[in-house]
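See structure below.
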Amino acid sequence: MHDIRMVREQAAALRDGMRRRDALDQLEPVIARLEQLDRDRRAAIQAVEEKKAARNTASQEVGRRRKAGEDASALQAQTRALGEEIARIEATLVETEAAIQQGMYEIPNVTLPQVPAGDETHNAVVRTWGTPRAAEGVKPHWEVGESLGLLDLARGAKISGSGFIVFRGTGARLVRALMNLMLDLHTREHGYEELWVPVVVNRASMIGTGQLPKFAEDMYALGDDEGFLIPTAEVPVTNLHREEILDAAQLPKAMCAYTPCFRREAGAAGKDTRGLLRVHEFDKVELVRYCRPEDGPAQLELLTGHAEHVLQLLGLPYRVLLLAAGDTGFNSAMTYDLEVFAPGVGKWLEVSSCSVFTDFQARRANIRFRAAPGEKPRYVYTLNGSALAFPRVIAALLEHYQQPDGSVLVPEALRPYLGADFIR
RNA sequence: GGACAGGUGGCCGAGUGGUUGAAGGCACCGGUCUCGAAAACCGGCGUACCGGCAACGGUACCGUGAGUUCGAAUCUCACCCUGUCCGCCA
């Protein structure tokens, strides 16, 4: 969420940001309405505070007179009338503020200057690593996975529904191996603190990282009062220090967590329905960083490099995309997607999305730091990225390392974790 | 799930209807002293919003929300959270 002052004082920059996302036409009415609401709000505040100041002095006078044994009933009646007037103005103020908040929730982050303007056709490949394997003769991962007994998609669908996977045998072990490989790498070599967090979070956390109120249909709500299944570990991990003021010495702060992730994938019906490419429950290791504002872009490069490192260890060819403004997520100011090549399905698969959110999430979640003792707290910048999402990595492994005899070669870095050189 | 006890500033803790944004202490910042440090002493020290170029003025905030009242940290109600005990449970 932006500061309302962005609308008041930097409206031109805000409009330009929306234009770069190809979203200005859609959002212009919202912005214009916010400008009016902001004026209404301040006028109401001035009126209400003036009357409150009058009431405060009057009721002090009542106290003084009563203590002195004088009659204060006329002044009391007058003050009560003032109170009723205050209540009336405050009621309109509450409405105005609710409308402002609703409007502010509609406006996405403004992307950084280095982000290309326009829709996804303006996404830029900034680098590639490795050589994609030729597609000839490579079977899609679901065929290899099922023939090797690693996946049981039919039974996943039976016990939970389509889009839920059962891994079995070496397949199940592969999931555990990936989890350990990634967590070991990030904690031992990249300096992240490992967290084990709840996968059920409350509404305040979902609002803090920006999943709510805009993306409610994408999540599983538990049906009782307050619980949601997390769509990503970003939610519990970024919210860890919600409503806190950190010491500057704690920045940059690096945390990682393995969690399952739950997504209803509303609106994605019919896309990537086979295999592991789009599922309702999947596992992932997530990296989260907090930093000082001036470090944001450099921290994004660092975090993206940490995610890439996993793919390099696994020996999977990938490319890094800098998303154009129009393809950058609502909360993000700049995003790199990592796409791994899966020759069996002949596609680049998104296995990570690394973003810097500037202070857009920190403002919502109220995560601040004090640069020096005595200084005013400022919002941190938050970042996160998957490193990595398991199912598509597994798909790529099963396709990229497929052997003519139907077995799958295990990349060296994974062997100690899986305890095998080949999956057969 | 039941019964008690609690939730006050960065932390500890006083305050039970009226100049209380809130005593006192710790921490922190500045100063005196010192070769330097510690100790001691003096002073400062919350956040947000509105107005103002500024100095500054105003308003709000004592878990959250509603209510009573001329006036609420203080009284009432609901909810949330924490602690202790009981029950249940992997």
Side-chain angles (χ1 to χ4, degrees), chain A residues 1-10 34-104 196-208 212 221-222 224-228 236 239-251 253 260 290 359-360 362-380:
Chain A
M1 187 170 60
H2 292 289
D3 192 330
I4 183 68
R5 273 176 293 204
M6 181 90 187
V7 173
R8 192 184 310 152
E9 293 162 13
Q10 295 173 69
L34 281 167
E35 288 174 320
Q36 182 56 47
L37 286 167
D38 180 50
R39 286 190 289 270
D40 294 347
R41 170 174 168 271
R42 283 184 294 158
I45 285 173
Q46 281 171 44
V48 102
E49 290 189 351
E50 197 179 299
K51 290 188 194 309
K52 280 185 177 174
R55 181 181 64 182
N56 286 348
T57 36
S59 67
Q60 267 174 30
E61 178 61 19
V62 168
R64 204 168 296 128
R65 287 191 194 175
R66 288 173 60 134
K67 206 167 273 180
E70 299 167 23
D71 174 57
S73 53
L75 189 56
Q76 275 184 35
Q78 208 179 315
T79 312
R80 177 186 290 137
L82 208 48
E84 284 161 6
E85 228 176 311
I86 288 166
R88 208 168 51 242
I89 306 171
E90 272 185 336
T92 69
L93 186 58
V94 166
E95 280 175 38
T96 305
E97 289 187 328
I100 287 173
Q101 179 145 76
Q102 206 180 344
M104 294 302 282
W196 194 275
V197 293
V199 299
V200 173
V201 297
N202 58 29
R203 178 171 294 272
S205 293
M206 284 295 199
I207 289 173
L212 285 179
L222 292 184
D224 65 0
D225 34 23
E226 266 290 274
F228 297 88
N239 275 285
L240 193 72
H241 295 284
R242 172 153 53 84
E243 312 286 342
E244 292 183 26
I245 299 172
L246 305 166
D247 288 333
Q250 294 176 264
L251 300 178
K253 194 165 185 57
Y290 298 162
D359 58 3
F360 199 81
R363 182 173 297 109
R364 285 181 161 220
N366 202 16
I367 307 164
R368 294 176 293 171
F369 75 103
R370 207 183 294 275
E375 268 188 38
K376 271 182 178 287
R378 296 157 65 200
Y379 292 114
V380 300

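Basis for what follows: all heavy atoms, side chains included, without hydrogens, waters or symmetry-related copies. Each chain gets a letter, A, B and so on, in the order its sequence line appears, and its residues count up from 1.
Remark: A:Arg66 pairs with no residue by the side chain to side chain donor-acceptor pair (under 3.5 Å) rule, at least two apart or across chains. Listed by chain and residue number, nothing satisfies the side chain to side chain contact (heavy atoms under 4.5 Å, CB included) test with A:Asn56 (two or more places apart in sequence, or in another chain). The salt bridge (charged side-chain N to carboxylate O under 4.0 Å, His left out) check on A:Arg42 picks up A:Asp38, with sequence neighbours excluded. Residues passing the side chain to side chain donor-acceptor pair (under 3.5 Å) test with A:Gln10: none are found, sequence neighbours excluded. In terms of the ring-ring contact (aromatic ring centres under 6.0 Å, His included) criterion, A:Phe369 has no residue partners (sequence neighbours excluded). With sequence neighbours excluded, the residues satisfying side chain to side chain contact (heavy atoms under 4.5 Å, CB included) with A:Glu244 are A:His241, A:Leu246.
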**OP:** Would you mind building the protein contact string for nucleotides 48-57 of chain B? One character per nucleotide, 5' to 3', B for base within reach (heavy atoms under 4.0 Å), S for sugar-phosphate only, - for untouched.
**Re:** SSSS------
Name the pairs: protein N/O against N/O of nucleotides 61-65 of chain B, kept only if under 3.5 Å.
none

Every protein N/O within reach of nucleotides 70-74 of chain B N/O, cut-off under 3.5 Å:
from	atom 1	to	atom 2	distance (Å)
B:rC70	OP1	A:Arg80	NH2	2.7
B:rC70	OP2	A:Arg80	NE	3.2
B:rC70	OP2	A:Arg80	NH2	2.9
B:rC70	N4	A:Arg66	NH1	3.4

Extract all donor-acceptor atom pairs below 3.5 Å that involve side chains of residues 75-86 of chain A and protein atoms in other chains or at least two apart in sequence.
from	atom 1	to	atom 2	distance (Å)
A:Thr79	OG1	A:Leu75	O	2.6
A:Glu85	OE2	A:Lys51	NZ	3.2

Show the atom names and distances, to 0.1 Å, of all donor-acceptor pairs under 3.5 Å that link a side chain in residues 90-99 of chain A to residues at least two apart or in another chain.
from	atom 1	to	atom 2	distance (Å)
A:Glu90	OE2	A:Lys52	NZ	2.8
A:Thr92	OG1	A:Ile89	O	2.7
A:Thr96	OG1	A:Thr92	O	2.9
A:Glu97	OE2	A:Arg41	NE	3.0

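Every stem involving RNA chain B, taken as at least 3 paired positions in a row under the Watson-Crick or G-U wobble test at 3.5 Å, is listed here: B:1-7 with B:80-86, B:10-12 with B:24-26, B:28-32 with B:40-44, B:46-51 with B:56-61, B:63-67 with B:75-79.
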